[in-house]
Amino acid sequence: MTGGSLGIRSGSYGSLDKQLQLLQQNGNGGLSGVPFSMQTTGRTKPAKMFKEKESLFHWIVKFAGRKKVGMLFLCVISAAVFVWVLYVGKGEDAQEGDRPPNISVNASVSLSRIENKTSFLQGIISDISLPPPPPAYFLGYTLPPGHPCNSFTLPPPPADKKRTGPRPCPVCYLPVEEAIALMPKVPSFSPVIKNLTYIYEDPRSGERDFGGSDFGGYPTLKHRSDSYDIRESMSVHCGFVQGKRPGQNTGFDMDEIDLEAMDQCHGVVVASAIFGAFDDIQQPHNISEYSKNTVCFFMFVDEETEAYLKNNSGLNDSRKIGLWRIVVVHNLPYADGRRNGKVPKLLSHRMFPNARFSLWIDGKLELLVDPYQILERRSSICSSTAYMYIIPTNSLISAFLNFEALALHLFLELLFRHLWRKNATFAISRHYRRFDVFMEAEANKAAGKYENASIDFQVEFYKKEGLTPYSEAKLPITSDVPEGCVVIREHVPISNLFTCLWFNEVDRFTSRDQISFSIVRDKIHEKTNWTVNMFLDCERRNFVVQKYHRDVLEQMARPPPVYPPPPPSLLQLQPPQPVLVNEPPIQTTPETSTVKVIGAPVRKAPSRRGRRSGSRRHRKVVAGAKDTDAS
C-alpha cells in the first residue's frame with residue numbers, strides 16, 4: 001500500500017493529508033521510500049468522534065462568548081440545582097451500598113425517604129413566611145336517610161280538658177352509644193370573636209355609674225356599650241374580678257381540692273346549686289356507665305346546706321352524695337340566694353376552664369336522660385360528609401410526596417369523624433306561657449319576685465335602648481322569654497361572651513334573668529348573626545322533672561291535724577237533730593197551691609217579716625191558672 005493511496009484514502013477523514021504535508025515540509029521527501037504502514041480500522045473512527053466533540057465544544061465556547069458566558073453558567077447551575085433537588089433521595093440511597101431499599105407491601109414510599117425529603121424541603125422554604133393553617137370546625141350534619149328521628153314529629157297534645165297546664169312531650173333521642181360516638185372532636189365555629197379575656201380590677205377604685213358589685217365589678221355604661229361592640233379579641237367583666245383564679249379570694253371561694261377536681265373536667269359538666277338548704281338533692285336517673293365515669297356532676301352548696309346534708313343525707317369526707325360531687329362555697333358574694341345561683345349557672349366556663357360542654361339544671365330538678373343524649377339532641381350535630389379536615393403545616397410537604405397515603409388518611413377521617421345535629425352552641429327552653437319581656441316583667445311584679453320599682457327601672461332602660469314587644473318581625477326567633485332552669489352550652493368564645501354579658505346585666509339590674517335575656521341576645525345577634533337555640537318547654541320537661549322545694553315537701557309530709565272529741569257535757573247540751581222521713585211528694589192543684597214541690601225531703605223556709613203574703617211582686621203564676629188582676 002503506497003503513500004499515495006494512503007493519502008487518497010485518508011482524504012475522506014480530513015486528518016492524514018495534513019500530517020503528510022507536515023512531513024514533506026520537514027524534509028523527509030516523498031513517502032515512497034518510507035515504510036509508513038497504517039491500519040485504518042480501529043483508529044480513524046475514534047479520532048473522528050473526538051474531533052467532532054472538540055469541534056462541538058469550540059462551537060459552544062464561541063456561542064457563549066457572543067451571548068455572555070455568565071448567563072450561561074447561571075442557567076447551567078440552576079438546572080443542576082433543580083435536578084439535584086428532585087433526585088437527592090436517589091443519591092443518598094446509592095451511597096448506602098448493597099442495602100436493599102425499604103419498600104412496604106403496598107409499594108408506598110418509605111418513611112425514611114419521606115422524612116429526608118421533608119426536612120430538605122423545609123430547609124428550602126424556611127425563609128418563606130407561610131400563613132398559619134386555619135383551625136378545624138364542624139359544619140353540621142344530617143342523620144342518615146331512613147333514620148327514625150328524621151321523620152319524627154310531635155304528636156298533637158292529648159285532648160284532656162281536665163289537664164290544661166304544661167306537660168312533657170315525646171322527644172327522639174339517639175341511643176346512648178350512638179350519641180357518645182357523635183361527640184365532636186373539634187370545637188364549634190365562633191363568629192367574629194376568637195379570643196376572650198377577662199378584666200381583673202380593684203372594685204373599690206374607678207368610676208361608677210349604677211349597679212354592679214364587688215364580685216362582678218362596677219363597669220361604667222361606656223364599658224357596657226363597648227362590650228357589645230364585638231371584635232376578634234375582647235376583654236370584658238365576667239365576675240371574679242378580684243383575683244386571677246376564680247374561687248381564690250374572689251368571692252364565691254372554694255377549697256383547693258375542689259378547684260383541682262374542677263380543673264380535671266375536660267369533657268362534659270353537669271352543674272347545679274342549692275343555697276340556704278332550700279331544696280333536697282335530686283339524684284340523676286338513667287345515666288349510662290360511660291357517663292358515670294366521664295361526666296363531672298358538681299353540686300355547689302353553702303355552709304348552711306352543708307350542715308343540713310351532713311345531718312340528713314350522709315355527707316362525709318368523700319364529698320359525694322350519689323353521683324354529685326358536693327362543693328362547699330365560702331364567702332358568698334350576695335345576700336340573695338337566687339343571685340348567688342347565677343354564678344355557676346352563667347359562669348361555668350370560668351369555673352371549669354378546661355370543660356367543653358356544660359349542662360346546668362336548677363337544684364329542684366331531677367335529671368332523667370343521659371347527658372350525652374341531651375347534648376346530641378340540643379346542641380350542634382354532625383355529618384361524616386361535612387367534616388372539614390385541615391392539613392397541618394408540617395404535613396403539607398408529605399402530602400405532595402405521598403399523595404396516596406394522604407388520600408387514605410382523609411378517607412378514614414371522613415369515615416369516622418362526626419359532628420352534632422343542630423348548629424348551635426347555646427340552647428335554652430322557651431317559657432311555656434309567656435314570650436314577651438313586658439309580659440314577663442308584669443308577671444314578676446304580680447308574683448312579688450322582685451321590687452316593682454327596680455323592675456320598672458330596668459324595663460324603661462331597655463326601652464330606651466330599643467327593646468320592643470315581641471312580634472312576628474323577630475322570626476325565626478320564637479320567644480324573648482326563656483325558662484331558665486336548664487342551660488345547655490358549648491364553651492366557645494361567642495357563648496362565653498354571651499353568658500358574661502348576661503351575668504353583667506343580672507349584676508347591674510335585677511336578678512330576674514328572664515328580663516335581661518333578650519336584650520343581650522339581640523345585641524350580639526346584630527353584630528355576629530349568632531343566636532340561641534330556644535326549644536320547646538315540653539321537650540325540657542321530657543328530660544327533667546321539677547320537684548317541690550324542701551319547705552313544701554315538709555309541709556306535705558306532715559300528718560293532717562287530729563282534733564280531740566268534744567266533752568260529754570257539750571254533747572248533752574246540743575239540741576237533737578231533726579229526723580227526716582222520706583215521704584212521697586204532695587200532689588197539689590193550681591186551685592190549692594201556687595208552689596210546686598219537687599222531691600223530698602224539703603225543709604220549709606221561714607217566712608220573711610215585713611212583707612204581705614198577697615204582694616204582687618212575689619206571686620208565682622202556675623201554668624193553667626188565670627191571672628185575676630189582668631182581668
Side-chain angles (χ1 to χ4, degrees), residues 138-155 157 166-189 267-272 284-288 290-292 294-297 348 355-362 365-384 386-387 417-432 476-479 482-492 495 531-546:
F138 70 89
L139 305 178
Y141 96 108
T142 56
L143 293 173
H147 196 282
C149 290
N150 286 336
S151 58
F152 177 80
T153 56
L154 285 177
R167 67 189 72 184
C169 56
V171 177
C172 185
Y173 294 107
L174 295 184
V176 177
E177 295 77 10
E178 188 175 350
I180 294 173
L182 291 177
M183 184 175 180
K185 305 300 185 298
V186 291
S188 298
F189 177 71
V268 180
V269 175
V270 179
S272 186
H285 291 82
N286 304 318
I287 307 301
S288 64
Y290 183 83
S291 296
K292 292 179 181 179
T294 58
V295 176
C296 300
F297 292 87
S348 58
R356 296 186 57 200
F357 302 93
S358 63
L359 169 62
W360 163 265
I361 60 174
D362 279 358
L365 298 181
E366 177 185 348
L367 186 63
L368 301 179
V369 179
D370 191 271
Y372 286 101
Q373 291 178 297
I374 298 174
L375 288 169
E376 191 278 331
R377 179 66 181 86
R378 305 300 167 198
S379 299
S380 309
I381 306 184
C382 84
S383 170
S384 60
Y387 182 74
R417 294 277 185 140
H418 299 280
L419 305 177
W420 291 41
R421 197 185 311 173
K422 290 184 178 294
N423 191 14
T425 57
F426 194 98
I428 193 171
S429 64
R430 68 190 73 164
H431 198 276
Y432 67 94
I477 296 175
T478 56
S479 177
E483 184 65 53
C485 58
V486 172
V487 175
I488 308 168
R489 54 177 298 208
E490 181 181 359
H491 295 184
V492 293
S495 65
T531 188
V532 175
N533 176 24
M534 300 188 71
F535 53 92
L536 296 175
D537 181 70
C538 66
E539 295 178 343
R540 173 191 65 83
R541 296 174 185 271
N542 181 277
F543 62 87
V544 291
V545 175
Q546 182 172 332

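Here the structure is a predicted model, which means the values were calculated and not measured.
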Practice problem: Indicate the atoms forming the closest heavy-atom contact of P148 with C172, along with that distance. | Solution: C-SG, 4.3 Å
Quiz prompt | Heavy-atom check, side chain of I488 versus side chain of F535, under 4.5 Å | solution = yes
Self-check item: Test item: F543 and V171 side chains (from C-beta on) under 4.5 Å apart, heavy atoms
Solution: no
Practice problem: For M534 and R430, work out which heavy atoms get closest and say how close. | Solution: O-NH2, 2.9 Å
Quiz item: With a 4.5 Å limit on heavy-atom distance, are the side chains of C485 and Q546 in contact?
Solution: no
Quiz prompt | Interatomic spacing from SG in C149 to CD in E178 - rounded to 0.5 Å | solution = 8.0 Å
Self-check item: Heavy-atom closest pair, residues F297 and S291
Solution: CE1-O, 4.1 Å
Quiz prompt | Six-ring centre of Y432, R541 cation under 6.0 angstrom, axis tolerance 45° | solution = yes
Exercise. Heavy atoms only: give me the nearest P166-D537 pair and the separation to one decimal.
Key: CB-OD2, 4.3 Å
Quiz item: Is the closest side-chain donor-acceptor distance between S479 and H431 under 3.5 Å?
Solution: no
Practice problem: Could I get the full list of disulfide bond (SG atoms under 2.5 Å apart) partners for C296, not counting sequence neighbours? | Solution: C265
Exercise. State whether the side chain of T425 and the backbone N or O of E490 hold a donor-acceptor pair below 3.5 Å, judged by distance alone.
Key: no
Quiz prompt | Minimum side-chain heavy-atom gap V269-W360 below 4.5 Å | solution = no
Quiz prompt | Partner set under side chain to side chain donor-acceptor pair (under 3.5 Å) for E366, not counting sequence neighbours | solution = H285, K547
Practice problem: Can you see which heavy atom on P371 is nearest to which on I287, and at what distance? | Solution: CD-CD1, 3.9 Å
Exercise. Look only at the side chain of N286 and the backbone of L368, and say whether a donor-acceptor pair between them is shorter than 3.5 Å.
Key: yes
Exercise. Could you tell me the separation between the OH atom of Y173 and the CD1 atom of I374, rounded to the nearest 0.5 Å?
Key: 6.0 Å
Quiz item: Do you know which two heavy atoms are closest between L154 and L536, and how far apart they sit?
Solution: CD1-CD1, 3.3 Å
Self-check item: CZ-CD distance between R377 and E539, expressed to the nearest 0.5 angstrom
Solution: 5.0 Å
Self-check item: Test item: T294 and I180 side chains (from C-beta on) under 4.5 Å apart, heavy atoms
Solution: no
Quiz item: From L375 CG over to R489 CZ, what is the distance, rounded to the nearest 0.5 angstrom?
Solution: 12.5 Å
Quiz item: Tell me, do H491 and S348 make a side-chain contact under 4.5 Å, heavy atoms counted?
Solution: yes
Quiz item: Between Y290 and Y372, is the gap from one ring center to the other below 6.0 Å?
Solution: yes
Exercise. Kindly say whether P144 contributes a backbone atom to a donor-acceptor pair with the side chain of N150 at under 3.5 angstrom?
Key: yes
Quiz item: Can you check whether Q373 reaches L174 side chain to side chain, under 4.5 Å on heavy atoms?
Solution: no
